[in-house]
Student: 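My structure is below; once you've seen it, I'll send some questions.
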Amino acid sequence: MLRHAKSDWDDVGKRDFDRGLNARGRKGARLIGRHIIEHGFEWDLLLASSAERVRQTLAAALPGAELRWDERLYLASAETILDVIRENAGSADAVLVAGHNPGLQEVLFALVPPSAENGLFDEAATKYPTATFAVFELDIDDWADLAPGCGRLVHFKRPRDLDPALGPEE
């Protein structure tokens with residue numbers, strides 16, 4: 001899962017859906033994209049919210065990536081995100097979802113049972129900031145089996161982990 005990067009609030013007249021990224025967001029998106037590529041993460045399907053800040057995040061992080069826009073992912077709940085994956089994943093081995101909080105963090109809580117919680121889970125449960133990338137291993141044979149409690153968080157990276165200057169603003 002990839003959360004969109006830091007959005008631009010300068011133009012208060014824009015609809016939430018139409019807000020793009022600020023300079024900090026563009027930097028965070030490029031940085032997390034480089035991390036994803038350098039670590040060899042791959043997917044067969046990229047599902048993304050069609051909101052402008054997600055579009056700009058993906059353009060900066062993963063330029064040229066093939067993807068499928070799905071308007072249902074805009075501010076989606078965990079249930080909706082899991083439904084979109086089930087409906088679209090088909091024969092894919094790996095799926096990347098790009099979207100928004102709180103839905104992405106709710107997916108974390110839904111997929112990871114207490115018995116699979118680890119240090120990465122604790123970090124992600126505390127805060128799932130903008131431009132954060134998370135990878136789950138799922139104990140399923142078919143995407144139709146995607147259900148609460150079937151996962152384990154195996155990778156969690158925030159832009160501030162890669163550049164402390166991108167940490168929380170005081």
Side-chain angles (χ1 to χ4, degrees), residues 1-12 14-70 73-78 81 84-85 94-112 116-138 151-170:
M1 294 188 311
L2 176 64
R3 184 176 174 200
H4 68 78
K6 195 135 194 84
S7 56
D8 185 2
W9 288 87
D10 285 346
D11 185 352
V12 294
K14 276 193 177 177
R15 294 182 318 150
D16 179 72
F17 185 85
D18 297 326
R19 283 188 293 114
L21 301 180
N22 64 20
R24 184 180 172 93
R26 288 187 295 277
K27 182 177 180 182
R30 286 190 303 271
L31 194 59
I32 206 72
R34 189 165 49 245
H35 171 79
I36 292 168
I37 300 300
E38 287 174 355
H39 284 79
F41 291 107
E42 296 182 4
W43 51 87
D44 304 304
L45 176 64
L46 170 49
L47 297 168
S49 161
S50 53
E52 185 61 25
R53 58 190 176 273
V54 175
R55 290 178 180 274
Q56 289 184 17
T57 297
L58 292 171
L62 305 168
E66 290 187 36
L67 52 95
R68 187 176 307 164
W69 304 110
D70 193 310
L73 292 173
Y74 173 63
L75 303 179
S77 68
I81 293 168
V84 169
I85 294 169
V95 174
L96 175 60
V97 175
H100 312 265
N101 252 7
L104 293 179
Q105 191 174 32
E106 290 172 358
V107 167
L108 167 81
F109 295 129
L111 290 180
V112 179
E117 291 178 9
N118 56 24
L120 293 175
F121 176 89
D122 293 342
E123 286 183 52
T126 301
K127 186 161 186 193
Y128 198 102
T130 53
T132 290
F133 176 67
V135 178
F136 297 87
E137 285 183 354
L138 305 173
R152 186 169 66 93
L153 184 62
V154 297
H155 186 88
F156 181 74
K157 197 60 71 175
R158 304 162 292 203
R160 72 176 181 215
D161 299 328
L162 305 168
D163 179 352
L166 291 173
E169 295 175 285
E170 305 280 330

Student: So, for Phe121 and Phe156, is the gap between ring centers shorter than 6.0 Å?
Tutor: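 No; Phe156 has its ring centre 6.0 Å or more from that of Phe121.
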Student: Please check: side-chain N/O of Thr57 versus main-chain N/O of Ala5, any donor-acceptor pairing under 3.5 Å?
Tutor: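 Yes.
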Student: Would you name the heavy atoms of Leu2 and Leu96 that are closest together and state the gap between them?
Tutor: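 Looking at all heavy atoms of both residues, the shortest contact is N-CD1, 4.1 Å.
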Student: Considering only distance and modelled atom types, tabulate donor-acceptor pairs under 3.5 Å from the side chains of residues 129-136, sequence neighbours left out.
Tutor:
| from | atom 1 | to | atom 2 | distance (Å) |
| --- | --- | --- | --- | --- |
| Thr132 | OG1 | Pro129 | O | 2.8 |

Student: Could you report the tightest heavy-atom contact between Tyr128 and Gln105, atom names first, then the distance?
Tutor: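 That closest heavy-atom pairing would be N-NE2, 3.8 Å.
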Student: Do you know the tightest heavy-atom contact between Ile37 and Leu62?
Tutor: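 Shortest heavy-atom contact: CD1-CD2, 4.0 Å.
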Student: Taking Glu123 first and then Arg158, would you say they form a salt bridge - that is, a charged N and a carboxylate O separated by under 4.0 Å?
Tutor: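 Counted as a salt bridge, because a side-chain N and a carboxylate O are separated by less than 4.0 Å.
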Student: Just to verify, what does Arg53 make a salt bridge (Lys or Arg N to Asp or Glu O under 4.0 Å) with, not counting sequence neighbours?
Tutor: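 If we apply the salt bridge (Lys or Arg N to Asp or Glu O under 4.0 Å) test to Arg53, skipping adjacent residues, the hits are Asp16.
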Student: Please determine whether side-chain contact (heavy atoms from CB on, under 4.5 Å) holds for the pair Leu67 and Trp69, giving the CA-CA distance in whole Å, both sets of side-chain angles, and the decisive distance to 0.1 Å.
Tutor: CA-CA 6 Å; Leu67 52 95; Trp69 304 110; 3.1 Å; yes
Student: To the nearest 0.5 Å, what is the distance between CD1 (Ile81) and CG (Leu104)?
Tutor: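 Output value for this atom pair is 4.5 Å.
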Student: On the 0 to 90° scale, with breaks at 30° and 60°, tag the Phe17-Tyr74 ring pair as parallel, tilted or perpendicular.
Tutor: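 If you compare the ring of Phe17 with that of Tyr74, the planes turn out perpendicular.
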Student: Holding to salt bridge (Lys or Arg N to Asp or Glu O under 4.0 Å), I want the full list of residues that pass it with Glu137, two or more places apart in sequence or in another chain.
Tutor: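 Testing Glu137 for salt bridge (Lys or Arg N to Asp or Glu O under 4.0 Å), a comparison that skips the adjacent residues, returns Arg152.
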Student: Would you please name every residue forming a side chain to side chain contact (heavy atoms under 4.5 Å, CB included) with Asp163, sequence neighbours left out?
Tutor: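 Listed in chain order: Lys27, Leu31, Ala165, Leu166.
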Student: Got a sec, which residues hit salt bridge (Lys or Arg N to Asp or Glu O under 4.0 Å) with Asp18, two or more places apart in sequence or on another chain?
Tutor: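 Asp18 satisfies salt bridge (Lys or Arg N to Asp or Glu O under 4.0 Å) with Arg15 once adjacent residues are dropped.
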Student: Return the CG to CZ distance between Leu162 and Arg30, rounded to the nearest 0.5 Å.
Tutor: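 Rounded to the nearest 0.5 Å, the CG-CZ separation comes to 13.5 Å.
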Student: Restricting to non-hydrogen atoms, name the atom on Leu21 and the atom on Arg26 that form the minimum distance, rounded to 0.1 Å.
Tutor: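 Result for this residue pair: O-NH1, 2.8 Å.
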Student: Any donor-acceptor pair under 3.5 Å linking the side chain of Asp44 with the backbone of Ala94?
Tutor: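 Side chain of Asp44 to backbone of Ala94, a donor-acceptor pair under 3.5 Å: yes, one is there.
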Student: Can you name the residues that form a side-chain hydrogen bond (donor to acceptor under 3.5 Å, both in side chains) with Arg3, not counting sequence neighbours?
Tutor: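 Counting only residues at least two positions away or on another chain, Arg3 forms no side-chain hydrogen bond (donor to acceptor under 3.5 Å, both in side chains).
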Student: For residues Leu138 and Gly151, report the shortest heavy-atom separation together with the two atoms involved.
Tutor: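 Taking every non-hydrogen atom into account, CD2-CA, 3.8 Å.
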Student: How many angstroms lie between OG in Ser7 and CD in Glu52, if you round to the nearest 0.5 Å?
Tutor: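 Atom-to-atom, Ser7:OG and Glu52:CD are 11.5 Å apart.
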Student: Quick check for you: to the nearest 0.5 Å, what is the distance between Lys6 atom NZ and Arg19 atom CZ?
Tutor: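 Answer rounded to 0.5 Å: 10.0 Å.
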Student: What closest approach, in Å, do Val112 and Leu153 show between heavy atoms, and which atom pair accounts for it?
Tutor: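 Taking every non-hydrogen atom into account, CG2-N, 4.0 Å.
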Student: In terms of ring plane angle, is the pair His39 and His35 parallel, tilted or perpendicular, where the classes change at 30° and 60°?
Tutor: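 Judged by the thresholds at 30° and 60°, the geometry between His39 and His35 is tilted.
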Student: Applying side-chain hydrogen bond (donor to acceptor under 3.5 Å, both in side chains), run through Ser49 and His4 and close with a yes or a no.
Tutor: CA-CA 9 Å; Ser49 161; His4 68 78; over 6 Å; no
